Amino acid sequence: MIDMLVRLYDLPDSSELYRTVASQGITLRRARAFEKHTVAKFARENFSEKWASEIEVAMTRQPVSCWIATKDKAILGFSCYETTQRGFFGPTGVIESARGTGLGKALLFKALESLRDIGYAYGIIGGVGPREFYAKNCGAIEIPGSDPGVYGDILP
Ligand SMILES: CC(C)(COP(=O)(O)OP(=O)(O)OC[C@H]1O[C@@H](n2cnc3c(N)ncnc32)[C@H](O)[C@@H]1OP(=O)(O)O)[C@@H](O)C(=O)NCCC(=O)NCCS
């Protein structure tokens, strides 16, 4: 799992992306502290315990560093930043039934814009799964020598 680097000062305008998501009746917003258990449960059931742990860290930030996509009082996806390391993006995930409609990209941009807005020039996608997704959607490039990076010696 490598890390990837993103030029935050060069992010394209995201307004059309957010309009597309809103037109599907989906709300993009930060999770709230009193929803910690709900968002962590969502990650645990749909993704992994480790991602639930990272969400619990994101929920302690002010402002909360976890974005969620909701529809009809249900979570469809999430994205976090500054969980495992400062300046890191991730984890992120969209439930299978909601994939392929721009939601993953919109959640990616919400978190990257948040990193940019707190002063980072570059963001790091930590421990990447789908490299093509990040290369295509935000121009991310692979960081040489970043595997395993900070993800060595992981406890179960
Ligand atoms: C990766 C993930 C968040 C993408 O969510 P999504 O809602 O399906 O993505 P989007 O619909 O916003 O896709 C935006 C664009 O990226 C492309 N894309 C989506 N997933 C991709 C992938 N795995 N590889 C390459 N391109 C991908 C789409 O085709 C789309 O392209 P288009 O704009 O030309 O139509 C989702 O597949 C997921 O939750 N995967 C499992 C968890 C995971 O791997 N998280 C990342 C950990 S680093």
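As the structure lists them, so they are numbered: ligands from 1, and atoms in each ligand from 1. Treat the numbers as computed from the prediction; the structure is a model and nothing was measured.
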Starting from [atom], what is the nearest protein heavy atom, named by residue and atom, and what distance separates them?
atom                    : answer
atom 39 (O) of ligand 1 : V94 N, 2.8 Å
atom 23 (N) of ligand 1 : P130 CB, 3.5 Å
atom 46 (C) of ligand 1 : Y134 OH, 3.5 Å
atom 16 (O) of ligand 1 : N137 ND2, 3.0 Å
atom 12 (O) of ligand 1 : K105 N, 2.8 Å
atom 7 (O) of ligand 1  : G104 N, 2.9 Å
atom 41 (C) of ligand 1 : R99 NH2, 3.5 Å
atom 30 (C) of ligand 1 : K136 NZ, 4.1 Å

## Note on the structure
On a heavy-atom basis, the closest approach of A58 and C66 is CB-CB, 3.9 Å
### Task
May I ask which of F89, F47, F133, W51 has a heavy atom nearer to atom 21 (C) of ligand 1 than the others do?
F133
### Query
Looking at Y122 versus Y9, is the centre-to-centre ring distance below 6.0 Å?
yes
### Query
Are more than 12 heavy atoms from other residues, nucleotides or ligands located less than 6.0 Å from atom CZ of R30?
yes
### Message
Counting only nitrogen or oxygen atoms and a 3.5 angstrom limit, does G126 reach ligand 1?
### Response
no
### Message
Please verify the inter-ring angle class for Y134 with F89; under 30° counts as parallel, over 60° as perpendicular, anything in between as tilted.
### Response
perpendicular
### Query
Does ligand 1 have a heavy atom under 4.0 Å from the side chain of T101, from its backbone, from both, or from neither?
backbone
### Task
Using a 4.0 Å heavy-atom threshold (strictly under), name the region of F109 that reaches ligand 1: side chain, backbone, both or neither.
neither
### Query
In a check of side-chain contact (heavy atoms from CB on, under 4.5 Å) between F78 and each of L107, N46, I55, T70, which one passes?
I55
## Note on the structure
Paired with I125, the side-chain contact (heavy atoms from CB on, under 4.5 Å) test is passed by just one of D3, I2, V6, namely V6
### Query
Are any non-hydrogen protein atoms located under 4.0 Å from atom 2 (C) of ligand 1?
no
### Query
Quick one: does atom 35 (O) of ligand 1 have a protein heavy atom under 4.0 Å from it?
no
### Query
Would W67 and T92 satisfy side chain to side chain donor-acceptor pair (under 3.5 Å), going step by step from the backbone distance to the final call?
CA-CA 9 Å; W67 286 89; T92 187; over 6 Å; no
### Task
Can you sort out the partners of A98 under side-chain contact (heavy atoms from CB on, under 4.5 Å), two or more places apart, ordered by chain and number?
L76, V94, I95, L103
### Query
Any chance the side chains of E82 and Y120 put a donor and an acceptor closer than 3.5 Å?
yes
Please state whether [X] comes within less than 4.0 angstrom of ligand 1, counting heavy atoms only.
X    : result
F78  : no
G100 : yes
G102 : yes

#### Entry: Heavy-atom check, side chain of L11 versus side chain of E113, under 4.5 Å
yes
### Task
Please examine the side chains of I154 and K50, heavy atoms only from C-beta on, and report whether any two atoms are closer than 4.5 Å.
yes
Relative to the heavy atoms of [X], which atoms of ligand 1 are at a distance of less than 4.0 Å?
X    : answer
G93  : 39 (O)
T92  : 42 (C), 43 (C), 45 (N), 46 (C)
G129 : 48 (S)

### Message
Please report the interatomic distance CD(E56) to NZ(K36), rounded to the nearest 0.5 Å.
### Response
4.5 Å
